[in-house]
Every structure is written in C-alpha cells, then in structure tokens.
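Fair warning: this is a prediction, and the values are worked out from it, not measured in the lab.
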Amino acid sequence: MTAATKKRGHRQLRDRFELMDGIILFFLIFMAIMILYPMINVLALSLATQKEAAQNPLMVFPTEPTIDNFHRLFQDPRILIGYKTTLLIVLIGVPLNMLLTTSLAYGLTKTNFPGGKLIFYLVLLTMLFNGGIVPLYLLMMQLGLTRSLFSVLLAYGVNTFYFIITRSYMMSLPDALVESAKIDGAAEWRIFFSVILPLSKPILATILLFYAVDRWNEWYNAMIFLRRNDLIPLQLVLRTIVMDSNIVNSLSIAGPRVPRFTEGIQSATIIVTMLPIMCFFPFLQKYFVKGIMVGAIKA
C-alpha cells in the first residue's frame, strides 16, 4: 500500500468521524431542546397574563411578565403547609435513610460471618417481591403510627439499589485500612465513622442526592397514611392543584371579579415545587458521576 493510499484512507476516516461528530452533536442539541422547552414553557406560563397565555399556550417568553400567579398561589395556606411538611420529611428522612443504608452496606461487606450471605440475598429479594401497601398499612395501624409523620418516615428505610451501589463502593476500599484501624484498637463503629465514611464521599453524595429527590417527591405514602390537611406534603399539594380546575376559588383573595387563570396557578405551583431540589443538584454534581460509575462497575 502506497503512502498516498494510506493518506487518503486516513483523510476519509477523519472525514467520516467529523460527520459522525456533527450528527451526534445535532442529536444532543435536539434532545436538550426537547428537555428544556417544557420547563421554559412552564416558567413562561407562570409569568404570563391570562390573555397572553390563552392566545399563545406554547410561549417561550411572555411579553407582559407578571408575578400575579405566584402572589395568588402563596395566598393558599396549603403551599406553606406543604413546604413545612416536605422539609420535615427531607430533614429527618434523608439522614435516617443514609444511616440505615450505609451501616447495612458496611455490615454486609463482610459476608464471612454465619448468615451473612443469606441476609444479603434476602435484601436483594426485596427488589423482586414487595409485600404491598395493605400489609404496610396494617403494620402502621398496629404500631399506632397512622396519621403521624413517622408513618411516612419509617415506611421507606433502605432502597435496595442504593444499598447495592454503596456496598460495591465500600468493597472497593482497601482492606488494609480497616486492618490497620483494628490494630490501633478501633471498634467497628469507630472504623465506620472515621475510616469508611470519609473515604466514601462520592457514593455518599450520590445516594444523598437520590434520597433527597425521593423524599422531596414523597406523596403516595403521605396520601395513604396521613390524611391530614395540616400534614399534606408539597407534592400532594401540587397534585391537588393540577387536578383541581377550580383552585382559584379556594384562594383567600379570590372573588367574583378575580379572573380565573388555572393554567398560570398550575405552572407557578410546578415552579415553586421543583426549584429547591434543582438548586440542590449542582452542589453534588461533581460527585454524582464518579459515585454512580464506581458503584455500577465494582463487583
């Protein structure tokens, strides 16, 4: 094969990859637009007037922006109750989930004790079979936790998938660190808190984000167990508002002369519901990819 032929082959290969790069870039841009457009549209509707939203429901930028929808929304006391309840669920539930998941994962990194592998497989079995909501509800009734916030907090302790990736990450840590800590006289809990957890920051940040999103989106268990207007979580408020076509009638400032703008109220509710958790994500993003990839590829 001559040098000219090789050069021509390399040029064709380079041109082909440049074409593929262009196609991939176009596809990624298209997917980004498909993802961002609904969010931008919801934000625009929440800032638009009733007349403008009726004329252009697919708008991107409102010509007459207003915060009237947000003002009306926060006149509904359910929003503040929803924020309070959801924050309590997040601030209490996430540390509980983290403690249970990490301690269980660390304990089952050592399967050399009697019954260790059996416990691990029983935990994995919960990914395939679920007892259902009725036994869980009966259990909460026997414990006297129905209509209490603890029923929501204790109904969801350990996510099996998060446990698996946490255990896989902890098993990738060198055994010499644990052995040296034991030689220095450290007990298991001291090793867990002083050695294992500081070295597991990437996976801890990953499952912290997962649990925070799960807890922030909590509504089903609250709908089943609580049934109290003073403990309604934010996502259940959103569900009620979106499904209720007469939400403006229940606002304290609503009257016969107040224009009914259900779409704007719904859009404003979506914005105030998803904004806090979206602001939380960038602080953990640098740990997210590393943690999930290590947890995925380690045996």
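- Aromatic ring orientation, Phe26 versus Phe30: parallel (interplanar angle below 30°, classes split at 30° and 60°).
- Between Tyr162 and Tyr211, the ring planes are perpendicular. Angles over 60° get that label, and only those under 30° would be called parallel.
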Exercise. Verify side-chain hydrogen bond (donor to acceptor under 3.5 Å, both in side chains) between Thr49 and Thr66, making sure each step is shown before the conclusion.
Key: CA-CA 7 Å; Thr49 61; Thr66 176; over 6 Å; no
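- Here Arg228 pairs with Asp230 under the salt bridge (Lys or Arg N to Asp or Glu O under 4.0 Å) rule; sequence neighbours left out.
- Taking Glu188 as the reference, Lys182 meet the salt bridge (Lys or Arg N to Asp or Glu O under 4.0 Å) condition, with sequence neighbours excluded.
- With respect to Arg72, the side chain to side chain donor-acceptor pair (under 3.5 Å) criterion is satisfied by exactly one of Asp76, Asn69, Asp68: Asp68.
- Side-chain atoms of Thr126 and Val158, non-hydrogen and from C-beta on, never get closer than 4.5 Å to each other.
- There is a side-chain donor-acceptor pair under 3.5 Å between Thr63 and Glu52.
- Using a 3.5 Å distance cut-off with no hydrogens or angles, the side chains of Asn229 and Arg78 do not pair a donor with an acceptor.
- Closest of all the heavy-atom pairs between Ser200 and Leu173 is OG-CD1, 3.9 Å.
- In terms of heavy-atom proximity, Leu199 sits nearest to Tyr169 at O-OH, 3.3 Å.
- Under a hydrophobic-cluster definition in which Ile, Leu, Val, Met, Phe, Trp and Tyr are linked whenever side-chain heavy atoms come within less than 4.5 Å, directly or via other members, Val213 and Val94 are assigned to the same cluster.
- Minimum heavy-atom separation, Met98 to Leu204: CE-O, 3.5 Å.
- In terms of heavy atoms, Gln75 sits closest to His71 at CG-O, 3.1 Å.
- In this structure the side chain of Ile271 reaches within 4.5 angstrom of the side chain of Phe70, judged on heavy atoms.
- Rounding to the nearest 0.5 angstrom, the gap separating the CG atom in Leu234 from the OG1 atom in Thr269 is 8.5 Å.
- Using cut-offs of 30° and 60° for the angle between ring planes, the Phe120 and Phe163 rings count as tilted.
- In the model, Thr101 has no side-chain atom that pairs as donor or acceptor with a side-chain atom of Thr166 under 3.5 Å.
- The environment of CD1 in Ile133 is crowded: more than 12 heavy-atom neighbours from other residues, nucleotides or ligands sit within 6.0 Å.
- Minimum interatomic distance between Leu231 and Arg147 (heavy atoms only, all atoms of both residues): CD1-O, 4.4 Å.
- Of the inter-residue distances, the one linking Thr146 atom OG1 with Met140 atom CE reads 9.5 Å to the nearest 0.5 angstrom.
- The cluster map of Ile, Leu, Val, Met, Phe, Trp and Tyr, joined by side-chain heavy atoms under 4.5 Å apart, puts Ile35 and Val60 in different clusters.
- Counted by atom type alone, Tyr156 and Asp214 present one or more donor-acceptor pairs between their side chains at under 3.5 Å.
- Around atom CZ of Phe150, no more than 12 heavy atoms belonging to other residues, nucleotides or ligands sit under 6.0 Å away.
- Residue Val42 is grouped with residue Phe74 when hydrophobic side chains (ILVMFWY) are merged at heavy-atom distances under 4.5 angstrom, including chains of intermediate members.
- At a threshold of 4.5 Å between side-chain heavy atoms, the hydrophobic network of Ile, Leu, Val, Met, Phe, Trp and Tyr places Leu125 and Phe161 in two separate groups.
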